[in-house]
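These notes concern the structure reproduced below.
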Amino acid sequence: MLRAIFKKKKKIGIALSGGAARAFSHIGVLQVLEELGVDIVAVSGTSMGSIIGAFYCSGIMLEEMEAYVRSMDWKSFLLFSNLTLSKTGIINWRRVEEELKKFLGDKTFSDCRIKLCCVAVDLIRGEKVVLSKGRLLDAVRASIAIPAFFSPVCINDYVLVDGGVIEPLPTDSLKKMGVNFIIASSIKNENTRNKLKDLKNSDTQDRQNKNRLSIRNVLDISLSIMQREMTRYYLDIADIVIEPEVGDFGFFDLTHGGAIIRRGVEAARNKIPEIKRKLGL
């Protein structure tokens, strides 16, 4: 009885990995955690995980996020996102900022109902930077600034790019936010292995086939390998790991957002017995 009374209360945080379009699955994971009544007190996000984290912590309902992902005309968005002649990035920030501002406006970290941090990397010092003050829009832009695609974002004396360069799953950053129980939502790229096998088993002529070895395939496979290898250390920090299997979707497969969200729901539901047991629900 006394042990139950004095048992240390769990302060639960969730780390949301990067993964571009694949990270839409975090929305489904959060939906299941809400259904279970899991009280999340802190969120850390890297890259696309920082967008979802910022929306969630600033009070945007998960249903609204899902409706936006499903209804957005992503093909037109990508088609009309202006390319830039900048020496530091090929995609103009303008359209991306316009979309982010619809949800974040001029909100700051102090406006968040749940504690939040966004992870980025400072190119000058070569170090991780954990952003938890100032405008959410600025922090999110820094965290999603994929090198070569977007120009770096300057905040104070930092020159910042995508946090996935150094911490693709921000469990270490979350651990320093005063939580004592960490849930990791980390995309699983297992189906990428099938793509690798297909390329390996194809003959030389097939490998030269642009439908098989396209720029998109090269990017998807390369980013998947990099993320898989870098994520291993950060998974060990988590108390519960939820891994939506989204490897059959591309990193830039934005038009299948609804299906990707469902993968998040499925992965989280498979973990319900473990979640209930560890959290005493």
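Since we're looking at a predicted model, the values are computed, not measured.
We find the CD1-NZ distance between Ile183 and Lys271 to be 11.0 Å, quoted to the nearest 0.5 Å. Here the CZ atom belonging to Phe150 is positioned 9.5 Å from the CG atom belonging to Asp162, to the nearest 0.5 angstrom. Note: Ile60 CD1 to Ile52 CD1 = 13.0 Å, rounded to the nearest 0.5 Å. For the atom pair CG (Asn156) and NZ (Lys133), the distance works out to 10.5 Å, reported to the nearest 0.5 Å.
Counting heavy atoms from C-beta on, the side chains of Glu34 and Gln31 never come closer than 4.5 Å. Looking at heavy atoms from C-beta onward, Val130 lies out of side-chain contact with Met177 at the 4.5 angstrom threshold. When side chains are defined from C-beta on, Ile275 counts as touching Leu33, because their heavy atoms get closer than 4.5 Å. Leu104 has its side chain within reach of Phe55: a pair of non-hydrogen atoms, C-beta onward, lies under 4.5 Å apart.
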* To do: Kindly determine whether Lys102 and Glu99 satisfy salt bridge (charged side-chain N to carboxylate O under 4.0 Å, His left out), including the steps that lead there.
  => CA-CA 5 Å; Lys102 290 178 182 178; Glu99 294 303 317; 3.1 Å; yes
* To do: Before giving the answer on salt bridge (charged side-chain N to carboxylate O under 4.0 Å, His left out), spell out for Lys10 and Asp239 the whole-Å C-alpha distance, their side-chain angles and the decisive distance to 0.1 Å.
  => CA-CA 11 Å; Lys10 286 186 173 64; Asp239 297 286; over 6 Å; no
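Scanning all heavy atoms of the two residues, the minimum distance from Gly18 to Ile187 falls at O-CD1, 3.7 Å. Shown here for Glu66 and Ile261, the closest heavy-atom pair between the two residues is CG-CD1, 3.7 Å.
Considering Lys276, Arg277, Lys278 as possible partners of Glu274, the one that fulfils the side chain to side chain donor-acceptor pair (under 3.5 Å) test is Lys278.
Centroid-to-centroid, the aromatic rings of Phe24 and Phe249 stay 6.0 Å apart or farther.
Within 6.0 Å of NZ in Lys11 there are 12 or fewer heavy atoms belonging to other residues, nucleotides or ligands.
Between the side chain of Glu167 and the backbone N or O of Ser173, at least one donor-acceptor pair lies under 3.5 Å. Formation of a donor-acceptor pair under 3.5 Å by the Ser143 side chain with backbone atoms of Ser47 is found in this model.
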